[in-house]
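Note sheet for the following structure.
Letters A, B, ... mirror the listed sequences (proteins, then strands); counts begin at 1.
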Amino acid sequence: MKRIAVISGKGGTGKTMVCAALAAIFPPDLVLGDCDVDASNLGLIFQPEIISRSPYYGLKVAEIDQDTCTRCGSCEEHCRFGAIRSQEGEFLVDSIRCEGCSVCTLVCPKEAVSMVQKVNGELYYSNTRIAPLSHARLEPGSGTSGLLVREVRKQADERDGDRAFFLSDGPPGIGCPLIATVTGMDAVLIVTEPSLSGLHDLKRVVTVAEGFGVTIFVAINKYTLEEEIATRIEDYCVERGLHVVGKIPFDPTVIESIRNGRPVTDYDSPAADAIRRMWEEIAEIWVNT
Amino acid sequence: MKICVTAKGDSLDSQAEMRFGRSPFFIVIDEESGASSAIKNEYADAAGGVGPRSAQVLISNGVQVLITGQLGGNAQRAIEAAGIEVYQYRSDGTVNDALKQYRDGSLTRIL
Amino acid sequence: MKIAVASGKGGTGKSTFAANLALSLSKSNDVVLVDCDVEEPNLHLFFDAEHEESEVTVPVPVVDPGKCTFCGKCGDFCQYGAITVLKDDILILMDLCHSCGGCRIVCPYDAITEVPRVIGKVRDSQPDEHLRLVTGVLNEGETHAPVVIQMAKALAGSTPTPAGAVFEHQFRELVCSMADVTIYDSSPGIACPVIETVEGADYVVLVTESTPFGIHDLELAIGVVEKLGIPAGVVINRSDGLDEMTEELCRRHSLEIIMRIPFDRRIAGVQNRGGLFSQDMPEWQGRFTDLYHHIRETGGGGA
Ligand code: SF4
Ligand code: SF4
């Protein structure tokens, strides 16, 4: 299976829109993923029909049995995440801050602390009119989005490992969910936008992606809004040896397509044309070799 | 030499498991004595660090050859450091079938 | 007063809002702006100034081969699989370590000590007499964003050190700031970096846009502030007038829409080139100042 993720560094560059449009024109032997588990949006375009759902357990969290606890304070002293707080004489675990390290169980002289399972989200496997979709929903405030990303990836591998392609929407940023997304991919498509912050963030995400040895493609979305900065981005990519595979013009059809819950390639429009040409470029370099 | 096959159940007739870290059982076969035993994988449903922790189980049990479907990156790092050889088995057969293919030399070595 | 600026969806203009708010308020207040979007910090692009930099480190274990008996206790304990004990060696996967210190406690032979490992940096600058900018930067390839956020907030002088925090030693030399207003710019999403940023704020501004993605993700972000119980208000950015669905969502959650910034190519242009529209269009400074007073009166009780 060949695997590609659409990522962006900076949020809001149009990554999901591009991913959806690509999905619609990809070869049909495909499984889709949404690794942006914080804010999973691919489903808004493909109206998935969920065929299986399973609870996602993150790391366990500590629980203190107040009857056994003698209020010695050892757990609070040793917890490095500030997850144990004393309140009116009781030591309580802040389950949002708890990272499940279990040090408190180690230092409690009375064995009053136990580690308990906690549901941190839900994993879905769905049908869409394009291809099956592996996706998830993270409970707001959960700490383990990277682990949930890995579950999304694994589910796609297990169920559809024999398909030719895996195409996934990715998270913004360069932290733990992004790293979980890029690990084991063959290629990434970085969607950037012509702004100084877009360029700045592009450079950071490129550094991370290079560390994983994946093929890197770059698309400049809405390039007509700021052509001079778009040129600077292209210059940077050339200098760095990256393939700029697409320049997508600003196009009001994009917003309209999203509002209608459809990929932009369903419409005849400049952005759709640019994305079709971009796919040919990617296919040329990545699929046919 | 000890060989480990990842499995969905606890015997040689159980179906082999593709996943390494989340494999429900590790079937360990001692090539010299012919004895086999099943180790239940405590980490099969754990959330974090599953790969290297499962690798630790094999290392602690003196396994030298692992037969499984696929290995995650972190598990790979631990298995590699321990010098365990890994062969890939990706069919739906049993543990015995995987062993047979390994002995026939028809499995690909992936690590 | 401490105001956090967040958004479920990325690219809604959260940082731009935070920067314009900070600039406007700094005309009559001492303001500290804290860039907590440590994965992709951008605020320094608006406020160019020299900065002082210090490293953010986390403690990680090292094993003394002279003392270790390869008993395996540390590996058994570590919940993240960061330690694998081999026959005569120990493999530590640093990127899996959460710096909990458990392996050191559990080792019966005192073979483990902890050493600092650099995962990011914090930068401190003073772009203007009444405006200080603190930026957290997560190094490329690192995953522990919340630690860098915690340091940036601490440097800004606005959070007390959590009990027993990993980085306690790093706080000591830091000066406490006496700002009137502290503004935290969060990363997008709803996971741990957002919580780390928003916790301790008196008020959260949720910046959104009126697209299906924007509305979907706004609802998730509302979930976070409701869970934390912090008063919040919504800013609709790049509004093209078609805001009914956002309005409806806010009504359902009893959230006030505290500002609308229209879609305007002039505003977008100023921003893309690294400028601030409230500088080029000074009438906005008054609007941001009014907004701040409104927040103080209605939501964020703290001074
Ligand atoms: S400090 Fe904690 S997380 Fe790090 S290796 Fe030791 S036990 Fe594992
Ligand atoms: S617990 Fe201590 S002695 Fe035992 S393996 Fe770990 S470092 Fe070595």
Is A:I45 close to chain C through its backbone or its side chain, or both, or neither, when contacts mean heavy atoms under 4.5 Å? side chain
A:G58 and A:Q117 have their tightest heavy-atom pair at O-OE1, 4.4 Å
Portion of C:V106 that has a non-hydrogen atom of chain A nearer than 4.5 angstrom: both
Using only heavy-atom distances, determine whether the side chains of A:N260 and A:Y267 contain a donor-acceptor pair under 3.5 Å. yes
Counting heavy-atom pairs under 4.5 Å with chain C, which one of A:T105, A:V103, A:V37, A:I174 comes out on top? A:I174
Working to the nearest 0.5 angstrom, can you tell me the gap between C:I83 CD1 and C:L96 CG? 10.5 Å
Identify which of A:L196, A:N41, A:T16, A:L44 forms the greatest number of heavy-atom pairs closer than 4.5 Å to chain C. A:N41
Check: C:F46 and A:S197 side chains under 4.5 Å, non-hydrogen atoms: no
Please state whether the side chain, the backbone, both or neither of C:D95 comes within less than 4.5 Å of a heavy atom of chain A. neither
Below 4.5 Å from any heavy atom of chain C, which atoms of A:S40 appear? Answer side chain, backbone, both or neither. backbone
Whatever's closer than 4.5 Å to a heavy atom in chain C on A:I179 counts as side chain
Side chain, backbone, both or neither: which part of C:S210 has an atom under 4.5 Å from a heavy atom of chain A? both
For A:L138, which atoms come within 4.5 Å of any heavy atom of chain C: side chain, backbone, both, or neither? both
Honestly, the part of C:E209 sitting under 4.5 Å from a heavy atom of chain A is neither
For the candidates A:C101, A:G12, A:C176, A:G11, which exhibits the highest count of non-hydrogen atom pairs separated by less than 4.5 Å from chain C? A:C101
Less than 4.5 Å to any heavy atom of chain A: does that hold for the side chain of C:I195, its backbone, both, or neither? side chain
Determine the interplanar angle of the A:Y124 and A:H135 rings, folded into 0 to 90°, and report it as parallel if under 30°, tilted if 30 to 60°, perpendicular if over 60°. tilted
Contact class of C:L220 relative to chain A, heavy atoms under 4.5 angstrom: both
By a 4.5 Å heavy-atom criterion (distance strictly below it), what part of C:A145 contacts chain A: side chain, backbone, both, or neither? neither
Can you label the angle between the C:H98 ring and the C:H144 ring as parallel, tilted or perpendicular, going by 30° and 60°? perpendicular
Any side-chain heavy atom of A:P171 sitting closer than 4.5 Å to one from A:D38? no
Would you mind checking which part of C:L242 comes under 4.5 Å of any heavy atom in chain A, side chain (CB onward), backbone (N, CA, C, O), both or neither? both
Taking all atoms of both residues into account, what is the closest heavy-atom pair of A:R97 and A:G82, and its distance? CD-O, 3.5 Å
Honestly, the part of A:L59 sitting under 4.5 Å from a heavy atom of chain C is side chain
Sort C:V198 into side chain, backbone, both or neither according to what part of it lies under 4.5 angstrom from a heavy atom of chain A. neither
Under a 4.5 Å heavy-atom cut-off, does chain C meet the side chain of A:E226, its backbone, both or neither? side chain
Non-hydrogen atoms of chain C under 4.5 Å away: do they reach the side chain of A:P194, the backbone, both or neither? backbone
Using heavy-atom distances under 4.5 Å, tell me whether A:T13 contacts chain C through its side chain, its backbone, both, or neither. neither
Please state whether the side chain, the backbone, both or neither of C:E40 comes within less than 4.5 Å of a heavy atom of chain A. both
Residue A:I96 versus chain C: region with a heavy atom under 4.5 Å: side chain
Option among C:D185, C:L133, C:D35 that satisfies the side chain to side chain contact (heavy atoms under 4.5 Å, CB included) test with C:P41: C:D35
Taking the ring centre of each residue, are C:H44 and A:H200 less than 6.0 Å apart? yes
Can a donor-acceptor pair be found between the side chains of A:D201 and C:N42 at a distance below 3.5 Å? yes
